[in-house]
Every structure is written in C-alpha cells, then in structure tokens.
Amino acid sequence: MGTKKNFVIDTNVILHDYNCLKNFQENDIYLPIVVLEELDKFKKGNEQINFNAREFLRELDLVTDDNLFNKGASLGEGLGSLFVIAGSVDAPDVFDSFPERIPDHKILAVVDWLTRQKKDMKTILVTKDVNLRMKARSIGLLCEDYINDKVINVDIFEKSNEVFEGIDPALIDRIYSSREGLDISEFDFKDIIHPNECFILKSDRNSVLARYNPFTHTICRVNKTKNYGIEPRNAEQSFAFEVLTDPNIKLVALTGKAGTGKTLLALAAALSQMNDYKQILLARPIVALSNKDIGFLPGDAKEKVAPYMQPLFDNLNVIKRQFASNSTEVKRLEDMQKSEQLVIEALAFIRGRSLSETYCIIDEAQNLTPHEIKTIITRAGEGTKMVFTGDIQQIDQPYLDSQSNGLVYMIDRMKDQNLFAHVNLLKGERSQLSELASNLM
C-alpha cells in the first residue's frame, strides 16, 4: 500500500463517471463547494451528464453525515474519507496569478490551501480539463487526468485486419471447399487471434478472406455478400458484413475515419435481417450543443435534434437509392418508418427503454463515456444485437480523448469475449477527395 494522498475532484470527473468516489482506494477525497454548485446546474435535463449529476448527488446523500465538513465521511471499507470544503479559502498565490473568481480558480485555491495545510501528504487535483491542469502546473500544484478508464494500447486503431502470409495453399483450398471451415488447431496463429477476428490468409498461389468462429472453433471463409443493395467494396467491408450479420455475435464495434462506410454497412446489414428483429433502432448522441442551447432552437424536442440526425437519414437515403423509387424495397422501408419498425432518433430519447429483439446501432459512439456505453449495453434484452460505430480521432466531447472514450474502452474490455467482434475500417470509400482530406488535413 502506498502513502495516503489527498485528491481534489473537479466537476468534469463526476460528470464523466458518477461512481468515481469508489476509485481512489484508501486516499481521501476533497470536494470544493463550488463543484457541488456546478453539479446543481447540471441536474435538469435528459442528457447523460444530467443523469450523472443526479446519480452522484444521490450517492453523496448516502455517505453524507455531520462529519462531512470537518472530520470527513467514510466512503466504506478499504476506502478513504470524503470532505466538502465550504466557503472561501486563503490562497494568495492562486489569486495573484488568476484573479478572476471563476469556479476553476476556486478549485485551484482549494488545492493550494490543502497542499499548505497538509504538508506531510501529497495533494493532487484530478480533472479532465487540460487547461486547468496547465494552470495548476504553472503555479506548482500537482494534478492529473482521471485515468481509471483509460485504455493504454490504442495501436489497433491504426491498422487494418491481419494478413497471414506463407500459408499452405492446400489449407486455403480446403477452406474454400468446406462449409463449416477448418479446426483452429490446424493453424500456427491459433494463440494470437481473438474471437470473431477477421483476417486474410495468403499463400504463393491463392488467398482467402477468413474469420475465427469461436462458437465452432473453426477458421471459416468470409464471403463477399451484398446486403440490402449495398455491396462491400473491399475486404474490410466484407469483414464488417460478416460480423454484422452473424446472429451469434451480440455486440459489434466498427471503427474507422469518416467515409469508410461504418454506419451505412451497419444499417444495410440490419435491414437485410429485418425479419429476425422486431425493430431496427439507429441513434446517435447529441454533443455539439448543450441542452440549454438546444432549448433555443425552434420546434419540439424531435425538431430541435433533427439537424443532428440528418447524417443517419442520409445513410438511409443512400440505401433507398440502390432501388427504383417505386420498388417494393423502398416501399417496405417507408412502411417500416411509419410503423416505427425502423426508428432513427437521438440517443437521449431511448434512455430507460428496455431493448428486446432490437437491432440497435449507436453512431458516433466515440463521444460517449465508458459509463454511458455500459448503460446502453446493459439495456439489451433477449434477442438484441448492439452495434457501436465511431471514429476515435474525431471526438467532440471536451473531456474525452482517444484513450478515455467509451468506444475504445468497450473494445479493450470485450476483445476476448465470444459474443463480441471488432472491425477497423481504414479504406475510405466516399471519394478520392474525401480520402485525401482525411489523410492530409
């Protein structure tokens, strides 16, 4: 056990993970009163951060007693105590450097005051705000990011599928001729591949797209199949269709930059299986504006978020354009929308809903926290398949990054599970110009 420390928690840590108080082991936690005041502003609303603010305040109520402001309230066995620092504290160094009395500077003041009060213990500010960390360091205060759910290895998002060279050509021939595939024990790479991983096998005369099927312990061929008018344009897209259409795989992650076809492939795969599910649900989080700003937009709740949903409707229109406008396929899609068998809406609107026999696609999942993704997955009822798509380089949430967002966290935690598959798409298929911009700009 290391030396006990004091941690001062910023508001954004709580909004990121309302369970954060349980993640500091035996160390003591200090909450400046300004943090509680800020949380109070976030209580109302339907977004995940509003839910997190409410849940944290409920949790706080459970541990609160009369000691909270002087002796500290115990957080439980093996954990430290929680203190609330009320009122202003003496911190001349902070207010000399940052005279404006804003919440960030009041939090710094508490860190500075505690550092001087408890010289025998390290006092550390924990915040997801890079600017606040810079300010803390500039006046010699200790600080760190909240790293409880950070993923260390994000290299997998830089590369496409594995290519295994030097395979015996007879083995590849047998994969083509066998419907069930070949037992995994026949391959040298059996110890290094994950369940449902897709890859290319190459010999000096032939090659095959393949997948490790953990349910049958076999290496089987991946076919280039068309789904609801959409044809895969490369090996990666064939791999995506393979895992999106296998009913045994209940959780899928599709990652890749803009233009790789993530959402389009997921929607086309869902539509090709519409008879197997009661509903197809396509949703995305709204992150560009806070609740307050959306409130100023005209119309009811659905109309306010419509501009954010447009990219999802664009994908549906791409699929419709694969067929004649008076075709049975297009009519069926329109009927599905009318009967709410196909629903496109903001993620906030599905909170609290139990999702059974649903093909659920969550777009832009890199803008969700690990806790948000967990909340969504735990809502999956019987017969539901969950698909999360996103580009980990394009994060719009100010306190998430490529290592701490929910999408990478889920992939890291789930990678060895038989029910899970991840395909990383690298090849842009929108246009030459789109590909150029993604790579160069």
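Model, not experiment: these values are computed from the prediction. Basis for what follows: all heavy atoms, side chains included, without hydrogens, waters or symmetry-related copies.
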Note to self: Using only atom types and a distance under 3.5 Å, with no angle test, would you say the side chain of Asp363 pairs donor to acceptor with the backbone of Phe388?
What the structure shows: no

Check: Hey, are the side chains of Ile377 and Lys374 touching, using non-hydrogen atoms and a 4.5 Å cut-off?
Finding: no

Next item on the list: Evaluate whether atom CZ of Arg413 has more than 12 neighbouring non-hydrogen atoms of other residues, nucleotides or ligands under 6.0 angstrom away.
Entry: no

Check: Given side chains that start at C-beta, do those of Leu142 and Thr123 come closer than 4.5 Å, heavy atoms only?
Finding: no

Margin query: Less than 4.0 angstrom from a charged side-chain N to a carboxylate O is my criterion; do Arg116 and Asp112 meet it?
Written below: yes

Notebook entry, point to check: Does one side chain, of Asn12 or Thr127, offer a donor that lies under 3.5 Å from an acceptor on the other?
Noted result: yes

Note to self: Using only atom types and a distance under 3.5 Å, with no angle test, would you say the side chain of Glu236 pairs donor to acceptor with the backbone of Leu426?
What the structure shows: yes

Next item on the list: Hey, can you tell me if Tyr359 and Tyr277 have their rings parallel, tilted or perpendicular (30° and 60° cut-offs)?
Entry: perpendicular

Checklist line | Side-chain (Asp145) to main-chain (Ile147) donor-acceptor, under 3.5 angstrom | finding: no

Next item on the list: Calculate, to the nearest 0.5 Å, the distance between atoms CD1 and CG belonging to Ile392 and Asp401 respectively.
Entry: 9.5 Å

Next item on the list: Return the set of residues passing side-chain contact (heavy atoms from CB on, under 4.5 Å) with Glu197 (not counting sequence neighbours), or none when no residue passes.
Entry: Glu162, Ile193, His194, Phe199

Notebook entry, point to check: So how far is it from Ile319 CD1 to Ile230 CD1, rounded to the nearest 0.5 Å?
Noted result: 5.0 Å

Next item on the list: Using the salt bridge (Lys or Arg N to Asp or Glu O under 4.0 Å) rule, take Arg133 and Glu144 through it: C-alpha gap first, then chi angles, then the decisive distance, then the call.
Entry: CA-CA 7 Å; Arg133 292 204 295 271; Glu144 59 187 51; over 6 Å; no

Margin query: How about NZ on Lys320, more than 12 heavy atoms from neighbouring residues, nucleotides or ligands closer than 6.0 Å, or not?
Written below: yes

Next item on the list: Please confirm whether the backbone N or O of Gln366 pairs with a side-chain atom of Gln397, one donor and one acceptor, at under 3.5 Å?
Entry: no

Note to self: Salt bridge or not between Asp28 and Lys5? Use side-chain N to carboxylate O under 4.0 Å.
What the structure shows: no

Check: Is the closest side-chain donor-acceptor distance between Thr369 and Glu372 under 3.5 Å?
Finding: yes

Notebook entry, point to check: Checking side-chain contact (heavy atoms from CB on, under 4.5 Å) against Leu31, which of Leu60, Thr11, Asp10 comes through?
Noted result: Leu60

Notebook entry, point to check: Take atom NZ in Lys190; do more than 12 heavy atoms of anything else shown fall under 6.0 Å from it?
Noted result: yes

Margin query: Whether the Ser356 and Glu382 side chains hold a donor-acceptor pair (N or O, under 3.5 Å, no angle test) is what I'd like checked.
Written below: no

Notebook entry, point to check: Between Asp40 and Lys43, is the closest basic N to carboxylate O distance under 4.0 Å?
Noted result: yes

Next item on the list: Tell me, with the steps shown, if Thr255 and Asp391 meet side chain to side chain donor-acceptor pair (under 3.5 Å).
Entry: CA-CA 6 Å; Thr255 52; Asp391 174 1; over 6 Å; no

Check: Looking at side-chain heavy atoms only, is the closest gap between Met386 and Val252 below 4.5 Å?
Finding: no

Item checked: Pairs touching residues 88-105 that satisfy side chain to side chain donor-acceptor pair (under 3.5 Å), sequence neighbours left out -> His105-Lys135

Next item on the list: Taking Lys44 for its side chain and Lys41 for its backbone only, find out whether a donor-acceptor pair lies under 3.5 Å.
Entry: no

Check: Does the side chain of Asn23 pick up a donor-acceptor pair with the side chain of Tyr146 at under 3.5 Å?
Finding: yes

Notebook entry, point to check: With a 4.5 Å limit on heavy-atom distance, are the side chains of Leu267 and Tyr228 in contact?
Noted result: no

Check: Should we count NZ of Lys122 as having more than 12 external heavy atoms under 6.0 Å?
Finding: no

Check: Is there a side-chain contact between Tyr30 and Val35 (heavy atoms, below 4.5 Å)?
Finding: no

